[in-house]
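Report on the structure given below.
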Amino acid sequence: MTTPSRRAPAAKAGPAAKPPSGQPAADGKPFLRFHHSEALRKETLAVIDAVERAEDSVTHRDALANLVVELTNSGLDYYFIKQLKLARPGFLVEQSANLGMVGAQQIMGTVIRQVIGRMEGPQLISVCGSIRRLMR
């Protein structure tokens with residue numbers, strides 16, 4: 001006679017996660033962040049400032065697109081690759097994941113560059129504003 005498997009009771013939904021003290025989320029919803037290098041932060045601020053201060057923001061499309069690609073790659077590395085390495089799944093799994101991520105990043109990079117490459121000034125400034133809000 002087999003015994004029925006027992007499932008752990010579902011976790012009850014608790015209150016929304018609170019943002020770090022002194023930095024409330026704009027809409028009060030929970031969020032995730034990732035840490036990136038100081039060099040990438042400086043580059044991010046420089047590109048955003050250049051776009052926002054330019055008479056013609058369109059001249060900085062390529063720089064902004066490259067920045068968004070770099071931020072995306074950094075986030076994917078932080079949320080997936082670094083965590084995978086901490087789990088130590090084995091060499092083959094890590095190599096397969098790395099190979100898959102390289103392919104995904106290349107495709108995403110192409111799409112990001114095409115989309116941002118078609119944006120006009122107000123849209124580019126909106127993207128910059130979104131990045132600034134994520135940096136808080």
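We're numbering straight along the sequence, starting at 1.
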Pairwise side-chain contact, L64 with I131, heavy-atom cut-off 4.5 Å (strictly under): yes

Is there a side-chain contact between M135 and R41, using heavy atoms and a 4.5 Å cut-off? yes

Measure the acute angle between the ring planes of F34 and Y78, then classify it against the limits of 30° and 60° as parallel, tilted or perpendicular. tilted

Which pair of non-hydrogen atoms, one from P89 and one from L84, has the smallest distance, and what is that distance? CD-O, 3.1 Å

Given 3.5 Å as the limit, does a donor-acceptor pair link the side chain of T72 with the main chain of V68, or not? yes

Closer than 3.5 angstrom, by distance alone: can the side chain of Q123 be matched with the main-chain N or O of E120 as a donor-acceptor pair? yes

Side-chain donor or acceptor of S126 paired with backbone N/O of P122 under 3.5 Å: no

Decide whether L71 and V115 are clustered together by the hydrophobic rule: side chain heavy atoms of Ile, Leu, Val, Met, Phe, Trp, Tyr closer than 4.5 Å, transitively. yes

Taking it one step at a time, do M101 and D77 satisfy side chain to side chain contact (heavy atoms under 4.5 Å, CB included)? CA-CA 9 Å; M101 290 304 293; D77 182 62; over 6 Å; no

Taking C-beta and beyond as the side chain, do V127 and V51 meet within less than 4.5 Å on heavy atoms? no

When you look at Q106 and V102, which way does the side chain to side chain contact (heavy atoms under 4.5 Å, CB included) test go after all the steps? CA-CA 6 Å; Q106 287 174 346; V102 166; 3.9 Å; yes

For the student: nearest non-hydrogen atoms of I112 and A65, plus distance: CG2-O, 4.0 Å

Side-chain heavy atoms of R61 within contact of V58, under 4.5 Å: yes

L40 side chain reached by S37 side chain, heavy atoms, under 4.5 Å: yes

Between S57 and G121, which heavy-atom pair has the shortest distance, and what is it? CB-CA, 4.0 Å

Minimum side-chain heavy-atom gap R132-T44 below 4.5 Å: no

For I48 against C128, the heavy-atom pair lying closest together: CG2-CB, 3.8 Å

Donor-acceptor contact present, side-chain Y79 to main-chain R33, <3.5 Å: yes

Are E94 and R88 ion-paired here, with the side-chain N under 4.0 Å from a carboxylate O? no

Hey, are the side chains of N66 and E70 touching, using non-hydrogen atoms and a 4.5 Å cut-off? no

CG (D49) with more than 12 external heavy atoms under 6.0 Å: yes

Kindly indicate whether the side chain of V69, heavy atoms from C-beta on, has any atom under 4.5 Å from the side chain of Q105. no

